[in-house]
Structures are given as structure tokens and as C-alpha cells.
Undergrad: 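Before we start, here is the structure in question, set down as C-alpha cells.
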Amino acid sequence: MITDLGVVGEDPAAPASPPEPRPRRSGLRRRILIGAVVVWAVAITAVVLFRGGGDDPQAVPPAPAPSPSASDAPLGVADVYQTLLPSVVRIEASGEGRANDESAIGTGVIVNADGTILTARHVVAGADAITVRYADGGSSAAAIASEDPKQDIATLRPQKLPETVVPAALGGGVQVGDDVVAIGNPLGLTASTTDGVVSGLDRAAKGEAGAMTGLIQFDAAVNPGSSGGPLINDQAQVVGIVVSLANPTDAGTFIGIGFAVPIGAALGGGDGNGDGRGPPL
């Protein structure tokens, strides 16, 4: 007997199976787009970080490395001279009260805001008339305010002050070998400057009122007319007042040894030290 051959187990009466659904292309495209955006964002972030933030105004620049302060650095001779020059005065003293009726030229330094001038006593001792000439070209009559014959120091009080009063800063003690500058009017040559070093301390020298002790010895050139001028350290501070020089002959000129009263002793302190401020004169 011949029968129809059909699919084994297939029920000819069962309905046909529905077709399988196709994958949705829209979801795939969305995932691809999101991935591309992520990759792009990462790339841009890397570039910005590599370039240090680009032009972002809120980007914090690296802090600069601190540099050493220049306030404690030693000054050159030219800087010391320019700093002290407004405080230095030329002194002209004359009168019958002076020995041999002679006139004298010396130097002084303004040490207080009221115009008080510190100088060597022998420059003005016995003078009937004292004139001080300021660095700005002005001048004034002056009178002796105080005297210390033992230290050969005097202070002057001018009748008229310069347009701008510039008191010198006063320094402390010095050591052998320290650089120093002298400003004065040697042999009448106004506002001359020289430099050298401290050659010795606690020296003695002969003064008009006897032996002076505790002096600073230095080798910056000074000559007659330099007396009363400031001896200055490399911080532009006055550390002494020039009072004499050593010369084994009667020439009275510089041969390499000058002496100054330490600023503390010149102010009556006796210890040779100042504090960088004007004295209470």
C-alpha cells in the first residue's frame, strides 16, 4: 500500500510557526553613537590636561619660587654714596676764637629729623661763625649744640633746614675686614668718596683734649676736610665719625691709616653700637 510520505511527526493540521523577529537596527546605532561620544570626550580631556588647561581663566598657575631678599645684600660704593649724600654737609668755620685765627673746612652728617648734625669737635671749636652747606645747594648758619672734647665730637643745630631733611641711618659695630666707605670734603673737594676696610679696632690716637681710645682704624683715604664725616658700612649705615689720621711727619696727609669714633660712642652710648635709627639728640 502506498501512502503519502510526509514529515515524520508533523501534524498537517497544526498551524504554521510565526517568523522570527529581526534585530532592531535603531538600538545598535544608538549604542554606537554613545560609544563615539565617550571616546571623543576622553580624547578632548586628554588634550586639555596635556596642554595644562588651555585658556581656562580659572586655571591656577604654578606658584613662583621664592627669591632671596635683596635687603641684606651688600651695597656697592656707588649705592652707598648715593644713599648717604643727602645726609652729608660741608662745614665752614671761621673766627678769631680759633687757633691762629684760621678757617677750617670739615664735614658733618645729619643724624636726626630735626636737622641735628654730628661732626668732629676740632672742626668747629672756637669758631665765631659756622656755615653748613647741604647737598641740595642750600646753606645755613649753625651753632654748636653740644661738645665732647674727650671723644672730639660735637653736634650742630642749623638755623635753616634743607627742603628735604634726610637723616642718615646709624649702624652697629664693625669687625676687622668689613668694607667701609668715607664721604667728606678732603682738601676742600666737596662730596668726595673713598672706600676701604676696617683695619683694626680699639685703637688710640692723640686728640686736642688728650688721648682718644676705642677708635676704629680704617684705610679708606681721608685728608684735612674729611674730619667729622661719616664712616659707612655696606648697608649704607653710619658706623663712625672720622676724627683723625696717622702720619709720622708734619705733612698732615693720609698715608693709609685713619681713625673714627664708633657711632655709639659718638652719641654718648659708649659701646660703639647703633640701632639703625636716628639718635635722640
Undergrad: In Å and rounded to the nearest 0.5 Å, what is the CG to CG distance from Leu187 to Asn223?
TA: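 Between atom CG of Leu187 and atom CG of Asn223 there are 5.0 Å.
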
Undergrad: If you apply the rule side-chain contact (heavy atoms from CB on, under 4.5 Å), what do you find for Val165 with Ile110, and how did you get there?
TA: CA-CA 8 Å; Val165 179; Ile110 300 173; 4.1 Å; yes

Undergrad: Which atom pairs, one a donor and one an acceptor, fall under 3.5 Å between side chains of residues 73-89 and the rest of the protein, sequence neighbours left out?
TA:
residue : atom : partner : partner atom : Å
Tyr81   : OH   : Ala191  : O            : 2.9
Thr83   : OG1  : Asp79   : O            : 2.8
Ser87   : OG   : Val166  : O            : 2.5

Undergrad: When you measure from the side chain of Asp152 to the backbone N and O of His122, does any donor-acceptor pair fall under 3.5 Å?
TA: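 Judged by distance alone, yes, a pair lies under 3.5 Å.
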
Undergrad: Has the side chain of Thr193 got a donor or acceptor atom that lies under 3.5 Å from a matching backbone atom of Ala182?
TA: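 It does hold such a pair.
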
Undergrad: Could you check if a side-chain atom of Asp219 sits within less than 4.5 angstrom of a side-chain atom of Val197, using non-hydrogen atoms only?
TA: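 The answer is yes; the side chains approach within 4.5 Å.
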
Undergrad: Keeping the roles fixed (side chain from Thr155, backbone from Ser146), state whether a donor-acceptor pair exists under 3.5 Å.
TA: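 Present.
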
Undergrad: Mind listing the closest non-hydrogen atom pair of Ala266 and Ile153 along with its distance?
TA: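 Scanning both residues completely, I find the closest heavy atoms to be O-CG2, 3.6 Å.
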
Undergrad: Evaluate the criterion side-chain contact (heavy atoms from CB on, under 4.5 Å) for residue pair Arg121 and Asp148; output intermediate values, then yes/no.
TA: CA-CA 7 Å; Arg121 177 181 179 272; Asp148 183 354; over 6 Å; no

Undergrad: Are Glu92 and Ser139 side-chain neighbours, meaning at least one heavy-atom pair lies under 4.5 Å?
TA: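 Sidechains of Ser139 and Glu92: no contact.
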
Undergrad: Taking Ala204's backbone N and O only, do any of them form a donor-acceptor pair with Thr213's side chain (distance below 3.5 Å, no angle check)?
TA: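 No, because the side chain of Thr213 does not come within donor-acceptor range (under 3.5 Å) of the backbone of Ala204.
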
Undergrad: When you measure from the side chain of Thr107 to the backbone of Asn185, do you find a donor-acceptor pair of N or O atoms at a distance under 3.5 Å?
TA: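 Yes, the answer is positive, given that a donor and an acceptor are paired below the 3.5 Å cut-off.
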
Undergrad: Find out if a path of hydrophobic residues (ILVMFWY) with successive side-chain heavy-atom gaps under 4.5 Å connects Leu161 to Ile144.
TA: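 Yes.
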
Undergrad: Quick one: does Arg90's side chain have a donor or acceptor within less than 3.5 Å of a partner on Gly188's backbone?
TA: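 At least one qualifying donor-acceptor pair exists.
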
Undergrad: Does any non-hydrogen side-chain atom of Leu201 lie less than 4.5 Å from one of Val174?
TA: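 They are in side-chain contact.
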
Undergrad: I want to check something: taking the side chain as every heavy atom from C-beta on, are Gln175 and Val198 in contact at a cut-off of under 4.5 Å?
TA: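 Not touching, per the 4.5 Å side-chain cut-off.
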
Undergrad: Which heavy-atom pair separates Met212 from Gln151 by the least distance, and what is that distance?
TA: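 So the minimum-distance heavy-atom pair works out to SD-O, 3.9 Å.
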
Undergrad: Which value, rounded to the nearest 0.5 Å, describes the distance between Asp136 atom CG and Thr164 atom OG1?
TA: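 If we round to the nearest 0.5 Å, Asp136:CG and Thr164:OG1 are 7.5 Å apart.
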
Undergrad: Out of curiosity, Leu156 CG to Thr131 OG1, how far, rounded to the nearest 0.5 Å?
TA: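 Answer for the CG-OG1 pair, Leu156 versus Thr131, is 11.0 Å.
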
Undergrad: From Ile241 CD1 over to Leu267 CG, what is the distance, rounded to the nearest 0.5 angstrom?
TA: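 If we round to the nearest 0.5 Å, Ile241:CD1 and Leu267:CG are 8.0 Å apart.
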
Undergrad: Which atom names give the shortest non-hydrogen contact between Ser199 and Val176, and what distance separates them?
TA: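 The answer is O-CG1, 4.0 Å.
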
Undergrad: Taking all non-hydrogen atoms of both residues, which atom of Leu231 and which atom of Ala260 are closest, and how far apart?
TA: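 Nearest pair, atom of Leu231 first, then Ala260: CD2-CB, 4.0 Å.
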
Undergrad: Please answer whether the main-chain N or O of Gln159 pairs with a side-chain N or O of Ser140 as donor and acceptor at a distance below 3.5 Å.
TA: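 Yes: the side chain of Ser140 pairs with the backbone of Gln159.
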
Undergrad: Do Leu215 and Val261 come within less than 4.5 Å of each other through their side chains, counting heavy atoms only?
TA: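 In short, these two side chains touch, coming nearer than 4.5 Å.
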
Undergrad: With side chains defined as the heavy atoms from C-beta onward, is the minimum distance between Arg157 and Asp114 less than 4.5 Å?
TA: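 A side-chain contact exists here, since the closest heavy-atom pair is under 4.5 Å.
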
Undergrad: Taking all atoms of both residues into account, what is the closest heavy-atom pair of Ala220 and Phe254, and its distance?
TA: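 Shortest heavy-atom contact: O-CZ, 3.6 Å.
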
Undergrad: Applying side-chain contact (heavy atoms from CB on, under 4.5 Å) to Asp195 and Asp179, what does each step give before you reach the verdict?
TA: CA-CA 7 Å; Asp195 69 302; Asp179 293 329; over 6 Å; no

Undergrad: Please give me the minimum heavy-atom distance between Val109 and Ala168, naming the atom from each residue.
TA: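 Closest heavy-atom pair between Val109 and Ala168: CG2-CB, 3.8 Å.
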
Undergrad: Nearest 0.5 angstrom please: Leu245 CG to Thr253 OG1, how far?
TA: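 Between atom CG of Leu245 and atom OG1 of Thr253 there are 7.5 Å.
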
